[in-house]
Amino acid sequence: MDYLPIFVDLRDRDCLVVGGGEIAARKVDLLRRAGAKVTVIAPALCPALANRAQAQDIRHRKMTFTEDALGDISLVVSATDDAAVNAQVAAVAQARGIPVNVVDRPELCSFIFPSVVDRSPVIVAVSTGGASPILARTLRARLEALIPSAYGRLADLLRSARQAIRRAIPDGAARRRFLERMLDGPIPELVFSGRTHEAEERLRRELDQVDANTLGRGEVCLIGAGPGDPDLLTFRALRLMQRADVVLYDRLVPAQILDLVRREAERIYVGKKRDYHAVRQEEINRILVDLARAGKRVVRLKGGDPFIFGRGGEEIATLAREGITFQIVPGITAANGCAAYAGIPLTHRDYAQSVLFVTGHLKEDRINLDWANLIRPQQTLVIYMGLTGLDTICRELMRHGAGADMPAALIEQGTTPRQRVLVGTLVTLPGIVARSDVHAPTLMIVGEVVKLHHDLSWYEPK
Ligand code: SAH
């Protein structure tokens with residue numbers, strides 16, 4: 001983070017704006033909205049500021065800036081078109097430890113103004129750290145469209161009910177759950193449509209009937225995090241991640257996805273490496289049960305889809321046996337993600353009417369697969385965990401009847417900025433891979449459909 005976003009209370013504080021033009025007027029407007037007492041120093045004022053001065057909404061000092069103008073000032077903005085004056089204001093303010101903003105000169109600023117969505121008391125501030133104010137404004141426009149204008153009323157309603165809710169549900173975690181449930185229910189919509197009284201009534205009723213015991217019950221959400229690109233998460237995955245108390249995650253879950261989990265949630269790494277189990281499966285199952293029993297909302301985050309080579313079934317079986325409430329959120333499995341991002345359709349009317357997902361995991365240096373069934377005409381074969389056994393896989397497929405010129409691809413770190421697609425045939429792919437310094441995870445696709453990659457490739461990793 002280049003800047004720490006904070007919200008400053010400026011009510012009745014003396015703030016100084018140096019400059020009397022339209023940019024200065026915009027900053028004055030913001031400061032006034034935050035309740036600051038504003039003095040403007042400028043030889044002349046633009047019409048907007050002149051109106052404010054006349055209405056005694058601001059104080060105008062008709063002069064050029066001098067150091068003693070900073071007297072009891074809490075915050076300064078310099079918005080003149082004179083670079084020397086701007087630099088002087090910045091230097092003097094910084095020396096005195098007064099927060100200062102110089103418009104369009106981030107290197108002179110001790111704070112910058114974000115783009116603001118104002119639904120007071122709800123305020124959303126967006127910043128690009130000065131990289132692109134336009135980008136910040138575009139994002140703000142999207143948020144404006146997304147956040148109903150009555151959002152502030154919703155916050156007011158919750159504020160007025162806050163004490164009553166605290167009394168009724170003293171436990172913090174249970175209270176958070178209650179509020180989340182209220183916000184998922186009809187109350188916000190009532191407020192947005194102007195039926196605030198009905199909303200208050202409803203909240204009161206819910207509060208009367210609340211049962212702190214059921215609110216305190218833990219649960220486990222087994223969530224598929226997809227193949228890597230955070231954009232491929234489902235809405236439900238995101239919603240549940242943002243209300244987790246604790247998250248158990250795998251090696252395959254990238255940091256950008258983990259960042260989307262509720263900030264306060266505890267994070268537990270239970271990843272496995274091939275042949276090396278950081279935390280044994282039985283132990284993971286045990287931790288899930290214990291945490292849920294302790295009333296936690298547990299998110300078990302897995303790469304891809306939990307039910308495809310993800311041992312999701314085993315974890316859930318334990319939960320079911322122990323009577324723990326759980327739910328399962330599907331994810332985009334590596335085969336789907338890699339196929340889409342590599343431009344290799346898994347089925348195609350001309351080339352493949354079926355598709356088979358298998359694991360190429362080695363067990364004691366052998367791969368136990370029903371080879372003869374894997375190579376069928378018009379069938380695409382997707383092999384997970386096949387990198388170490390790649391040579392064996394290609395050899396065995398050919399030994400059981402696949403043509404030497406059968407197209408095959410290896411997709412490395414599919415859907416991520418580091419994606420690479422290596423394309424060859426069953427004969428050439430092992431050599432190509434050996435020369436390419438490949439890093440896990442990788443997925444292998446075998447079949448005529450691989451030929452389509454040439455024309456359908458679209459994703460350009462950074
Ligand atoms: N449940 C996961 C699979 C777990 S097994 C899913 O549904 O995708 C782990 C294997 O998945 C890896 O060895 C690799 O073969 C494959 N895999 C997962 N993510 C991948 C990615 N981003 N690119 C390529 N292969 C991936």
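First listed ligand is number 1; within each ligand, the first listed atom is number 1. The structure displayed is predicted, hence computed values, not measured ones.
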What atoms of ligand 1 come within less than 4.0 Å of a heavy atom belonging to I308?
-> 1 (N), 2 (C), 3 (C), 6 (C), 7 (O)
Are any of the N/O atoms in E412 less than 3.5 Å from those in ligand 1?
-> no
May I ask you to check whether E448 and Q378 show a side-chain donor-acceptor distance below 3.5 Å?
-> no
Under 4.0 Å from a heavy atom of I411: give me the atoms of ligand 1 that qualify, with their elements.
-> 24 (C)
Which option out of G360, A334, G303 puts a heavy atom nearest to atom 8 (O) of ligand 1?
-> A334
Atoms in ligand 1 with a heavy atom of C338 nearer than 4.0 Å = 23 (N), 24 (C)
Counting distance only, does the side-chain N/O of R153 pair as donor-acceptor with the main-chain N or O of V191 below 3.5 Å?
-> yes
Under 4.0 Å from one or more heavy atoms of Q413, ligand 1 contributes atoms 22 (N), 23 (N)
Can you list the atoms of ligand 1 that are under 4.0 Å from a heavy atom of P227?
-> 21 (C), 22 (N)
For atom 9 (C) of ligand 1, the option (of L387, L232, L252) bearing the nearest heavy atom = L252
Would you say the side chains of T425 and D405 form a donor-acceptor pair under 3.5 Å?
-> no
Pull out every atom of ligand 1 sitting under 4.0 Å from any heavy atom of L443, numbered as shown with elements.
-> 24 (C), 25 (N)
Atom 20 (C) of ligand 1: nearest protein contact (heavy atom, Å) = P441 CG, 3.5 Å
Is there a donor in the side chain of T333 and an acceptor in the side chain of Y384, or the other way round, less than 3.5 Å apart?
-> yes
Are E412 and T442 close enough that a side-chain donor and a side-chain acceptor fall under 3.5 Å?
-> no
Under 4.0 Å from one or more heavy atoms of T333, ligand 1 contributes atoms 6 (C), 7 (O), 8 (O)
For atom 11 (O) of ligand 1, grab the closest protein heavy atom and report residue, atom and distance to one decimal in Å.
-> Y384 CD2, 3.4 Å
Closest non-hydrogen atom pair between A225 and I257, with its separation | O-CD1, 3.4 Å
Charged N-O contact under 4.0 Å between R195 and E189 | no
Distance-only N or O hit between ligand 1 and G414, under 3.5 Å = yes
Identify, for atom 14 (C) of ligand 1, the protein heavy atom at the shortest distance, and state residue, atom and that distance.
-> T442 O, 3.1 Å
For the residue pair D391 and P430, what are the closest heavy atoms and their distance?
-> OD1-CB, 3.5 Å
Passes ring pair (Phe, Tyr, Trp, His ring centres under 6.0 Å), F309 versus F357? Steps please.
-> CA-CA 9 Å; F309 305 126; F357 296 176; 7.6 Å; no
Between M444, H361, M385, flag the one that comes closest to atom 10 (C) of ligand 1 by a heavy atom.
-> M385
Compare every heavy atom of T380 with every heavy atom of A352, then report the nearest pair and how far apart it is.
-> CB-OG1, 3.2 Å
For T415, is the nearest heavy atom under 4.0 Å from an atom of ligand 1?
-> no
Among protein heavy atoms, which sits nearest to atom 4 (C) of ligand 1, and what does the distance come to when rounded to 0.1 Å?
-> F309 O, 3.3 Å
Between Y341 and D229, a side-chain donor and acceptor under 3.5 Å | yes
